[in-house]
Structures are given as structure tokens and as C-alpha cells.
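In this text, all values refer to a predicted model and were calculated from it rather than measured experimentally. Counting starts at 1 for both ligands and their atoms, following the listed order.
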Amino acid sequence: MASREASQAPLEFGGPLGVTAMLILLPATMFHLLLAARSGPARLLALPAYLPGLEELWSPRALLLLFIWLGLQVALYLLPARKVAEGLELKDKSRLRYPINGFQALVLTALLVGLGVSVGLPLGALPGMLLPLAFATTLTSFIFSLLLYAKALVAPASALAPGGNSGNSVYDFFLGRELNPRLGSFDFKYFCELRPGLIGWVFINLALLMQEAELRGSPSLAMWLVNGFQLLYVGDALWYEESVLTTMDIIHDGFGFMLVFGDLAWVPFTYSLQAQFLLYHPQPLGLPMALLICLIKAVGYYIFRGANSQKNTFRKNPSDPSVAGLETIPTATGRQLLVSGWWGMVRHPNYLGDLIMALAWSLPCGLSHLLPYFYLLYFTALLVHREARDEQQCLRKYGRAWQEYCKRVPYRIIPYVY
Ligand SMILES: NC(=O)C1=CN([C@@H]2O[C@H](COP(=O)(O)OP(=O)(O)OC[C@H]3O[C@@H](n4cnc5c(N)ncnc54)[C@H](OP(=O)(O)O)[C@@H]3O)[C@@H](O)[C@H]2O)C=CC1
Ligand SMILES: CC(C)=CCC[C@@H](C)[C@H]1CC=C2C3=C(CC[C@@]21C)[C@@]1(C)CC[C@H](O)C(C)(C)[C@@H]1CC3
């Protein structure tokens with residue numbers, strides 16, 4: 001049986017001090033963005049003109065709405081799935097099973113919300129509730145992460161994540177001790193990663209669009225683009241739901257505050273920032289510029305989807321005709337690394353595509369404010385850091401073969417730049 005002693009994995013995110021700062025800074029940044037988007041000057045780098053009081057943040061209605069939303073998404077997750085996929089092999093040689101019905105959940109949610117709106121559900125009131133909703137979600141994230149931490153105290157050692165078992169309780173609370181916390185077959189991390197926050201983001205955007213239509217007669221072209229682009233991103237994530245099973249979050253990271261808060265609060269309330277900004281700061285957008293932005297989005301999506309699908313197909317079946325002709329490097333683990341196709345261009349072509357899409361989400365907001373570019377700036381930092389973490393893990397996993405890959409493909413994300 002594996003030992004429950006603290007692991008020797010190197011500390012990430014600046015160790016206990018770094019994660020303590022992030023425990024405060026992540027929620028603070030989210031509230032700053034929510035307040036800045038609705039303020040007149042909409043300044044990213046200025047302190048908010050006022051701090052909301054508890055009566056503006058705390059609302060039992062918002063908490064109830066959050067629980068109804070979570071309950072609905074749990075119910076849709078539990079519906080029969082068109083497919084049940086197996087995850088990668090775990091430390092104890094077992095494999096977990098995951099329902100593939102995320103896209104179905106998105107469509108059913110859209111039908112239910114559509115039905116609700118047709119009988120008078122005031123979706124346009126949602127933008128006015130974002131602050132108390134974000135507060136309720138933050139509180140819920142803290143409590144949920146504490147429960148997960150307590151659950152991990154009685155989990156077998158083989159169920160712990162490599163990085164969240166340092167022995168420092170704040171650090172482990174943030175990173176997450178247990179790799180795949182479950183209640184029966186209900187997988188908390190997998191559920192949270194793709195459902196309530198990601199689908200919630202789309203409906204917050206839609207509510208902002210409807211509110212704009214109510215205020216100004218019709219939604220602006222910029223608002224349509226932001227809604228369309230981000231709906232495509234979420235729809236794509238749920239359509240290709242199975243591929244999330246090979247991401248770092250599922251196979252390596254524990255489920256702690258970072259991912260709980262990231263999935264449930266950070267994604268819906270900060271990723272909808274462009275739509276929030278546009279509601280309070282309408283931006284003119286001509287057709288030629290809109291077409292150019294659509295082209296940028298299309299290029300980004302082409303790279304993002306091409307790279308992710310190529311790797312997933314190759315990992316599932318290296319002799320699939322679409323990847324069989326690609327050049328590879330063998331590794332001591334028996335797995336191979338692609339060195340041609342998208343993965344021969346840079347070592348993270350999927351990040352490049354994602355970043356180009358992030359630019360296309362901000363451009364409809366014009367160039368007068370830095371605020372709508374927050375996502376692009378944060379996402380660049382997140383992906384540069386994520387790339388470095390992945391690089392360390394691949395070096396540990398593949399040793400000399402990884403060094404050979406780095407020699408053959410010297411750039412990380414942007415060809416000839418980085
Ligand atoms: N919008 C958002 O907020 C976020 C989006 N993302 C997106 O999520 C997606 C997944 O990202 P992420 O989980 O970080 O990592 P990746 O999907 O890039 O996976 C990295 C893994 O791919 C495998 N790999 C690396 N190089 C090769 C190669 N040459 N040939 C074959 N396999 C290789 C390795 O795993 P192995 O060899 O074990 O298979 C490596 O650990 C990306 O598109 C990213 O942009 C990520 C974070 C946040
Ligand atoms: C510091 C901080 C804010 C940490 C939290 C990070 C999380 C918000 C992100 C970590 C990895 C993510 C992924 C997606 C959303 C953001 C988080 C949770 C993702 C679901 C977005 C849609 C993509 O298509 C994806 C499925 C590839 C992606 C997976 C990773």
C-alpha cells in the first residue's frame with residue numbers, strides 16, 4: 001500500500017506564501033473586474049471608486065439561484081449519456097469512467113432557459129445580480145474546498161494528487177489533495193470543469209445581450225461577436241468533452257480551491273468581462289473590422305482545434321490514417337512524441353490558437369480601454385506558466401526523448417518568438 005507521508009513533489013505557485021496571496025488576490029481581482037466593468041472610467045489599473053457593502057454583496061436570492069443552477073447541472077450530468085469514456089490509467093492501475101453528455105447538457109439547458117424566457121423568466125435581470133451571485137459562488141467555493149480537503153484526509157494514499165500532499169494545509173487546500181474526488185460515480189472535478197461555470201458563462205453573456213437589447217433597442221454587432229465567439233468556444237469544449245480527460249487538470253492536479261474557484265466563479269464572472277464591458281460601454285464596430293475580427297477568430301480556432309484533435313487522435317490511436325504519416329520520436333515509456341504536423345511547429349500549438357482566439361474576443365471592444373483585454377493578459381500569463389509546468393512534467397516522464405523533442409522543435413508557443 002502507498003504511504004500517506006507528505007510527498008516530495010516540488011512546490012508550485014510560490015509555495016504556501018504564494019498560494020496564500022492567491023487565495024486573496026483571485027477573488028479580489030474578480031470583484032475588481034466586476035466593479036470596473038460597470039464603472040464609468042472602466043479602468044483596469046485603478047482602484048475601484050467605491051467598495052460595495054455587505055448588503056450589496058449578500059443576497060439569499062442569489063444563493064438560491066446558484067443552488068438551483070448547480071442542481072440543474074447535476075441533474076443533467078446524471079442523465080443517461082450517449083457514451084461512457086475511460087480515463088487514463090491511475091496509480092493503482094484502475095481507470096475511472098466518465099459520462100460524455102456535456103453537449104446534451106448545454107442544449108437541454110438552452111431549451112429550458114428558452115422555455116423559461118417564453119413564460120416570463122426575467123433573464124435580463126441577471127446582469128444586475130452578478131455581484132451577489134459572484135459573492136455567493138465565492139463563499140460556496142471556499143466551503144466546498146474545505147469539504148474536499150476534509151474528505152481527502154480519509155482518502156487512501158493512492159487517491160492523492162502528486163502535488164497537493166505537501167503537508168502544509170494552506171498549500172494543500174489551494175492545490176487540492178485528492179486527484180479525483182467522487183461520491184459514488186459522481187466525479188466532482190470533471191463535473192465542475194465543464195458544466196456549471198462554462199455553461200453559466202454562456203448564459204451570463206446571453207443575459208447581457210438581452211439587457212443590451214432592452215436598453216438600446218437591439219444588441220450591438222460587438223455584443224453579437226463576443227457572444228458568438230464564446231458560445232463557439234464553450235460548445236467546442238463540450239462537443240469534444242472526452243479530450244478534457246487528458247488535460248493536466250484531470251490527470252495531474254488535485255481538486256482544491258484553485259480549480260473549484262476557477263471553475264465555478266472565475267470562469268463565468270471574469271470570462272464574461274467583454275460582454276459586461278460592452279453593456280455599460282457600447283462600442284461602434286463597422287462591418288469590415290467585424291469581418292477582420294471573424295477571420296482572426298477563425299485562424300485561432302483552426303489552429304486550436306487542429307492541434308488538440310491531432311494530439312487526441314494520436315494518443316487514442318497512433319495508426320489512425322489522419323496521423324499515421326506524421327514523424328515521431330519514441331520514448332522509453334513506449335509512448336511516442338509527434339515532431340511534425342501541428343506539434344512540429346511549436347511545442348504548444350493549441351496554446352497559440354487559444355491566444356489568437358482570446359485576441360479576437362477582445363477586439364470587438366475597441367482600443368479605448370485596457371479592461372476588455374484583461375482576459376488576453378491573464379491568459380498569456382496562465383499559459384506561459386502552464387507551459388513551464390507541463391515542460392517539467394514531460395521532462396520527468398520522457399527524459400532524453402523530451403530533450404530531443406525540444407531540440408527538434410525549439411519554440412514553445414509562438415514560432416520564432418517564444
Ligand atoms: N480557456 C482557458 O482558461 C484554458 C484553456 N486551456 C486549453 O486547454 C487545452 C489543453 O491544455 P493542457 O491541458 O494545458 O495541455 P495540452 O493539451 O497541451 O497537453 C500537454 C500534454 O500533451 C502531451 N504532449 C506534449 N507534446 C506532445 C507531442 N509532441 N506529441 C504528443 N503528445 C504531446 C503530453 O502529455 P502525454 O505525453 O502524457 O500525452 C503533455 O503533457 C489547450 O488548448 C489550452 O489552450 C488550458 C487552460 C486554461
Ligand atoms: C489561477 C487560476 C485563475 C486558476 C484557475 C484556472 C482555471 C480557470 C482553468 C484551468 C484549466 C482550465 C480549462 C478550461 C477552463 C479554465 C480552466 C478551468 C477549459 C475547460 C476551457 C475550454 C477548453 O476547450 C478546454 C476544455 C480545453 C479547457 C480545459 C482547461
Side-chain angles (χ1 to χ4, degrees), residues 13 18-19 22-23 25-27 29-30 88 102 174-175 189-190 192-195 197-199 201 230 232-253 256-271 300-301 303-316 318 323 326-329 331 333 335-358 361 375 378-379 381-383 385-387 389-398 401-402 404-406 408-409 412-413:
F13 298 98
V19 306
M22 284 175 82
L23 277 172
L25 283 178
L26 285 176
T29 306
M30 182 182 76
L88 296 184
F174 183 81
L175 248 78
K189 184 166 61 170
Y190 176 67
C192 290
E193 180 98 351
L194 286 175
R195 311 294 178 98
L198 217 55
I199 300 179
W201 169 21
Q230 298 183 349
L232 171 68
Y233 191 67
V234 172
D236 172 275
L238 294 166
W239 186 260
Y240 295 98
E241 187 178 18
E242 197 174 338
S243 53
V244 87
L245 298 178
T246 55
T247 58
M248 193 189 290
D249 315 65
I250 300 289
I251 60 181
H252 182 269
D253 292 337
F257 182 79
M258 180 178 78
L259 279 181
V260 170
F261 177 78
D263 293 340
L264 299 182
W266 184 261
V267 167
F269 299 109
T270 66
Y271 286 25
Y301 182 69
I303 301 175
F304 168 83
R305 183 48 33 226
N308 276 327
S309 290
Q310 192 168 70
K311 177 168 66 75
N312 291 332
T313 307
F314 181 72
R315 279 285 172 254
K316 260 205 257 166
V323 292
L326 296 174
E327 207 185 328
T328 58
I329 299 179
T331 75
T333 64
R335 285 179 150 204
Q336 297 182 314
L337 291 169
L338 290 165
V339 261
S340 67
W342 287 115
W343 297 81
M345 190 172 84
V346 283
R347 298 206 292 273
H348 264 104
N350 49 354
Y351 290 3
L352 175 64
D354 224 337
L355 284 169
I356 296 174
M357 288 196 286
W361 299 353
Y375 177 75
Y378 137 82
F379 197 42
L382 180 118
L383 290 183
H385 179 251
R386 200 170 164 95
E387 197 277 337
R389 288 178 79 206
D390 189 51
E391 191 92 359
Q392 288 307 313
Q393 285 164 27
C394 287
L395 188 60
R396 274 199 292 274
K397 224 176 345 183
Y398 300 126
W402 186 258
E404 166 69 13
Y405 177 50
C406 295
R408 297 271 303 269
V409 184
R412 295 160 190 263
I413 301 178

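- For ligand 1, one of its N or O atoms has an N or O atom of Y398 under 3.5 Å away.
- With a 4.0 Å heavy-atom cut-off, ligand 1 is reached by the side chain of L382 but not by its N, CA, C or O.
- The part of C394 lying near ligand 1 is the side chain, judged by heavy-atom distances below 4.0 Å.
- For the atom pair CZ of R305 and OG of S243, the computed distance is 5.5 Å after rounding to the nearest 0.5 Å.
- Only the side chain of D390 comes within 4.0 Å of ligand 1, counting heavy atoms alone; its backbone N, CA, C and O stay farther away.
- Side-chain contact check for W402 versus K397: every heavy-atom pair is 4.5 Å or farther apart.
- Note that SG of C394 is 9.0 Å distant from CD of E387, once rounded to the nearest 0.5 Å.
- D249 OD2, 3.0 Å is the protein heavy atom nearest to atom 11 (C) of ligand 2.
- The proximity of F379 to ligand 2, defined as any non-hydrogen pair under 4.0 Å, does not occur for either the backbone or the side chain.
- With a heavy-atom cut-off of 4.0 Å, R386 touches ligand 2 through its side chain alone.
- Residue V267 does not touch ligand 1, judged by heavy-atom distances below 4.0 Å.
- Those atoms of ligand 1 that come under 4.0 Å of a heavy atom in M248, given as number and element, are 13 (O).
- Contacts of D354 with ligand 1, taken as heavy-atom pairs under 4.0 Å, involve the side chain alone.
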